[in-house]
Amino acid sequence: MPAYICGVGFHVPAHTVTNHDLEQRVDTSDEWIVTRTGIRQRHISQGELTSDLGAQAARAALADAGLTADAVTHILCATCTPDSYCPNTATQIARKLDLRGRMAVDLNAACSGYLYSLQTARALVTLDPRAVVLVVASEVLSSRVNWADRTTCVLFGDGAGAAIVCGEKSGRGVEIIDALLESDGQYGELLTILGGGSARPYTLGEPVGEDFFIQMNGREVFKVAVRSMTDVCQRMLARHGLGVDDLDMFVAHQANLRIIEAVGKKLDLPAEKVFANVQRYGNTSAASVGIALAEGCADGTFGPGQRVLLTTFGSGFTWGAVLLQF
Ligand code: ACO
């Protein structure tokens, strides 16, 4: 049963924070951040919720697909920074789109959330080819960034990417050819947001500690990220008898330009086929590939006839690859 992405959209907060702005907050420099990560600025929420960004991205994706919200049958929200534990963020996106009576569920696979959700949407479309699944990957990571920790606060940004997945080749008509999604919980401690969960409950009146925020062993994450994304992409290509020459574009999780370039090199891809917008958005976790896809569709980077490979890597660890035919 084929599944298609018939529309894509994205939304980021208007407020930007440059590396020079961060120089005022922590002991860092534009030169260090650009050299180590490629990031020059990130968009940061000024009170907008994960569901606000998600609803805006959803509206853009619906417009791109030529659909109105009432066509949507299911809402999936990929996020690791939900509005709240309960209610889930998917119901609040549905509320903002004036949708009732639909299945609305959050999915947390950290930075791999967009690909995990595309695959879940594909499964829903296989169950019912008339399903029109709204996939929203939205994050307000700034709410869980320790702004006093220079090793993490320079890396992340806020934003949302959305896609409409359906069983009919309509709108953009991008076929989801295949997905390979994997995880290894043995790496759970290397990248965490612990505070507030059952592993680190807070008692009434207790101030939050550093574990309330993103904590990461950057060097280890870097190594496993490059290895895992390269490996899963190679297996995806082999599964379809494809070589890198058969790919028109390659989109890796936009965490760090050095990771993106390292994976591109290991796959033997020419630089011009390796998409990057991390310079302007930072690492937006689940939203990153959703934003990349929507931005690249809007500016013509991706278009009819192209074969595009997506890959992600995130806390858990989770990782995966999705092959698209435009
Ligand atoms: N400004 C200035 N100096 C800094 C900063 C900063 N913002 N951050 C760290 N440093 C210092 C360190 O303290 C260290 O100093 P020391 O040598 O005196 O101890 C030095 O810079 C080198 O630190 P490293 O951590 O070894 O630097 P590295 O080259 O590994 O780069 C980075 C750090 C950018 C975090 C890198 O490890 C990385 O990109 N890792 C992957 C992180 C990532 O992308 N995670 C997300 C992927 S998964 C997901 O998105 C959830």
Side-chain angles (χ1 to χ4, degrees), residues 17-42 78-81 107-116 137-161 181-185 187-194 210 213-230 232 251-264 276-279 281-292 310-321:
V17 172
T18 65
N19 294 346
H20 295 295
D21 295 329
L22 289 175
E23 285 172 356
Q24 312 304 312
R25 297 180 81 150
V26 287
D27 180 16
T28 190
S29 67
D30 176 57
E31 196 267 333
W32 192 97
I33 301 170
V34 172
T35 312
R36 304 283 175 132
T37 72
I39 298 165
R40 293 182 181 274
Q41 65 163 38
R42 66 288 291 147
T79 187
C80 61
T81 51
L107 227 140
N108 182 354
C111 305
S112 298
Y114 186 74
L115 296 195
Y116 271 60
S138 185
E139 303 279 13
V140 177
L141 285 159
S142 59
S143 63
R144 288 297 189 123
V145 161
N146 177 353
W147 292 102
D149 175 9
R150 70 175 182 173
T151 67
T152 52
C153 77
V154 301
L155 302 174
F156 298 97
D158 301 332
L181 301 168
E182 299 170 353
S183 69
D184 188 345
Y187 292 108
E189 285 77 32
L190 292 180
L191 178 46
T192 57
I193 305 177
L194 281 178
E210 289 188 352
F213 303 101
I214 297 171
Q215 293 184 308
M216 178 171 67
N217 179 334
R219 278 197 184 173
E220 286 309 307
V221 172
F222 194 106
K223 280 190 265 179
V224 189
V226 172
R227 203 167 59 224
S228 306
M229 286 194 281
T230 306
V232 75
V251 185
H253 172 43
Q254 302 291 302
N256 177 322
L257 197 56
R258 279 160 64 215
I259 296 180
I260 297 166
E261 287 174 351
V263 177
N277 66 5
V278 67
Q279 301 90 332
Y281 300 113
N283 178 352
T284 57
S285 189
S288 115
V289 168
I291 293 173
L310 315 176
T311 185
T312 56
F313 181 84
S315 170
F317 288 148
T318 58
W319 63 90

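Whatever order the structure lists them in is the order used to number ligands and atoms, beginning at 1. Side chains included, hydrogens not; waters and symmetry mates left out as well; all remaining heavy atoms used.
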> Quick one: does T81's side chain have a donor or acceptor within less than 3.5 Å of a partner on V140's backbone?
Replying inline: yes

> Looking only at atom types and distance, does a side-chain atom of R144 sit under 3.5 Å from a main-chain N or O of I214, one as donor and one as acceptor?
Replying inline: no

>> Can you tell me which residue among D158, N283, D21, N19 is in a side chain to side chain donor-acceptor pair (under 3.5 Å) with R42?
In response: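 Only one option passes, and that is N19.
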
Are there any N/O pairs under 3.5 Å between ligand 1 and the protein, and if so, what are their distances?
from: ligand 1; atom 1: 1 (N); to: T28; atom 2: OG1; distance (Å): 2.7
from: ligand 1; atom 1: 3 (N); to: W32; atom 2: NE1; distance (Å): 3.4
from: ligand 1; atom 1: 3 (N); to: R150; atom 2: NH1; distance (Å): 3.4
from: ligand 1; atom 1: 7 (N); to: T28; atom 2: OG1; distance (Å): 3.1
from: ligand 1; atom 1: 7 (N); to: R150; atom 2: O; distance (Å): 2.8
from: ligand 1; atom 1: 13 (O); to: R150; atom 2: NH2; distance (Å): 3.0
from: ligand 1; atom 1: 21 (O); to: W32; atom 2: NE1; distance (Å): 3.4
from: ligand 1; atom 1: 26 (O); to: R219; atom 2: NE; distance (Å): 2.6
from: ligand 1; atom 1: 26 (O); to: R219; atom 2: NH2; distance (Å): 2.7
from: ligand 1; atom 1: 27 (O); to: R36; atom 2: NH1; distance (Å): 3.2
from: ligand 1; atom 1: 29 (O); to: R36; atom 2: NH1; distance (Å): 2.6
from: ligand 1; atom 1: 37 (O); to: G218; atom 2: O; distance (Å): 3.3
from: ligand 1; atom 1: 39 (O); to: N256; atom 2: ND2; distance (Å): 2.4
from: ligand 1; atom 1: 40 (N); to: G218; atom 2: O; distance (Å): 2.9
from: ligand 1; atom 1: 50 (O); to: H253; atom 2: NE2; distance (Å): 2.8
from: ligand 1; atom 1: 50 (O); to: N283; atom 2: ND2; distance (Å): 2.6

> Does a side chain donor of either E139 or T284 reach within less than 3.5 Å of an acceptor in the other side chain?
Replying inline: no

>> Suppose we screen for salt bridge (Lys or Arg N to Asp or Glu O under 4.0 Å). Which residues come up paired with E189, at least two apart in sequence or across chains?
In response: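 Salt bridge (Lys or Arg N to Asp or Glu O under 4.0 Å) list for E189, sorted by chain: empty.
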
>> If the threshold is 4.0 Å, N to carboxylate O, is there a salt bridge linking K223 and E220?
In response: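 Yes, K223 and E220 are salt-bridged.
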
